[in-house]
Amino acid sequence: MNKNAFLYDYDVEKVRADFPILQQEHHAGVPLVYLDNAASSQKPLPVIAALDDYYRRYNANVHRGIHKLSEEATAAYEDARLKVKRFINAGSKREVIFTRGTTESINLVAQTWGRANLGRGDVVVATMMEHHSNIVPWQILAAEKGFTIRYVPVLRDGTLDLRAYDRYLHEENVKLVTVMHTSNMLGTVNPVQAMAQQAHNAGAVVVVDGAQSTPHMPVDMQALNVDFFAFSGHKMCGPTGIGVLYGKRALLEAMPPWMGGGDMISRVTLEGSTWNELPYKFEAGTPIIAGAIGLGYAIDYLSAVGMEKIQAHEREIGAYALERLAEVPGVTVYGPEAGQKGAVAAFTLQGIHAHDVAQILDAEGVAVRAGHHCAMPLHDHFGIPATARASFYLYNTMAEVDALIAGLYKAKQAFAV
Ligand code: PMP
């Protein structure tokens, strides 16, 4: 493969110039090669500027004040909601609830829809590849409500055992299916549209963890036709502390609120309270105003670059990374082949612990993550305690893949393996 020739129009150097953090040296004389994007992405200038502008110029609480600053803050906050609605093609702004992130979004569904609808004799279907944030909230609720959780196994090639999934739907009293769109460890892109259709045929509600898909590919709520969809701003060029729960309006209307407090009420008396309309029913207290505005600018940025182009760029980088990793003796990469997965490579290097691999790479300026990546059951399933993970995004280059590979050879040399 010609490392510099892209078959499509994508100027990665122009993109990189928008990310100040990428311009710095990691250590003296060593440039930063940031390959920890599955954990969190870097932020482009327009997002940083939007946060600065909000705090400098129109910081105020929303939905309350009648003064100019509050009106401007409210308009910007609600404009961000509209941007999210368009970005994911939700049916209405009312279906877009701002949360702190994927974790909070899933907990919200568990504590509202789940608490109201799940009980003894019911089954929740999750998968063995889920992030802890899509396992633990259901376990907490199951301990209280007495329902059962079934986990769809993962096959050796890193895809889901869809035959087992089908069996669960036919043989068990499945009330809810919860599945990740893209795996943060294997990179597997699950067929959530087809899985949702099957679940609906069985009368189950569908929750999708979109934390690793929304930043990297176009996602369309009408096409996927799932009931709930969760994602985080910080993985898609936005600030930390902001995320989204999309939910179908009819379900959200029927659900009780989760957290109580200001903004989520219509009327409060000492005897009881009534709830605000959607989406405010689920946004108790002062919301994450700057975070939402920043996410809106991140969406503008990603949209201007183009989600299809980002996806195509990552396909090239991901395929090149897998090709180069396969050349390194002792490296095992987990998950499907290139073309079937996101630009994520979780791997082991024989004879060297993942943490040591990451430490040596860090000395070379290459930032990767090492550990279980909040997917302990998946690591148990593959019989490994930890992996090192390189994950790519719109600003990564082929040369950075080469830097990763050079770092791995350094590690092998240092450990004489
Ligand atoms: N699901 C997946 C697949 C993830 O990768 C992550 C982040 N590591 C989460 C959920 C949790 O996201 P957050 O920490 O932003 O709530």
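Read the numbers this way: they start at 1 and go in the same order the structure lists the ligands and their atoms. Side-chain atoms are counted along with the backbone in the values below, which use heavy atoms only and exclude waters and symmetry mates.
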Residue pairs meeting ring pair (Phe, Tyr, Trp, His ring centres under 6.0 Å), one or both in residues 366-404, sequence neighbours left out, come to Phe19-Tyr395, His132-His372, His216-Tyr393, Tyr334-Phe382, His373-His379, Tyr393-Tyr395

Report, as yes or no, whether the 6.0 Å neighbourhood of atom NE2 on His170 holds more than 12 heavy atoms from other residues, nucleotides or ligands. no

Salt-bridge present (Lys93, Glu78; N to O < 4.0 Å): yes

Could you check whether any side-chain heavy atom of Val179 comes within less than 4.5 Å of a side-chain heavy atom of Leu160, counting everything from C-beta outward? yes

Atom pairs and distances, ligand 1 N/O vs protein N/O under 3.5 Å:
{"residue": "ligand 1", "atom": "1 (N)", "partner": "Asp209", "partner atom": "OD1", "Å": "3.3"}
{"residue": "ligand 1", "atom": "1 (N)", "partner": "Asp209", "partner atom": "OD2", "Å": "2.5"}
{"residue": "ligand 1", "atom": "5 (O)", "partner": "Gln212", "partner atom": "NE2", "Å": "2.6"}
{"residue": "ligand 1", "atom": "8 (N)", "partner": "His131", "partner atom": "NE2", "Å": "3.2"}
{"residue": "ligand 1", "atom": "8 (N)", "partner": "Lys235", "partner atom": "NZ", "Å": "2.8"}
{"residue": "ligand 1", "atom": "15 (O)", "partner": "Ser232", "partner atom": "OG", "Å": "2.7"}
{"residue": "ligand 1", "atom": "15 (O)", "partner": "His234", "partner atom": "NE2", "Å": "2.7"}
{"residue": "ligand 1", "atom": "16 (O)", "partner": "Thr102", "partner atom": "N", "Å": "3.4"}
{"residue": "ligand 1", "atom": "16 (O)", "partner": "Thr103", "partner atom": "N", "Å": "2.9"}
{"residue": "ligand 1", "atom": "16 (O)", "partner": "Thr103", "partner atom": "OG1", "Å": "2.6"}

Taking only residues two or more places apart in sequence, or in another chain, which ones meet Arg167 in a salt bridge (Lys or Arg N to Asp or Glu O under 4.0 Å)? none

Show the atom names and distances, to 0.1 Å, of all donor-acceptor pairs under 3.5 Å that link a side chain in residues 352-360 to residues at least two apart or in another chain.
{"residue": "His353", "atom": "ND1", "partner": "His355", "partner atom": "N", "Å": "3.0"}
{"residue": "His353", "atom": "ND1", "partner": "His355", "partner atom": "ND1", "Å": "3.3"}

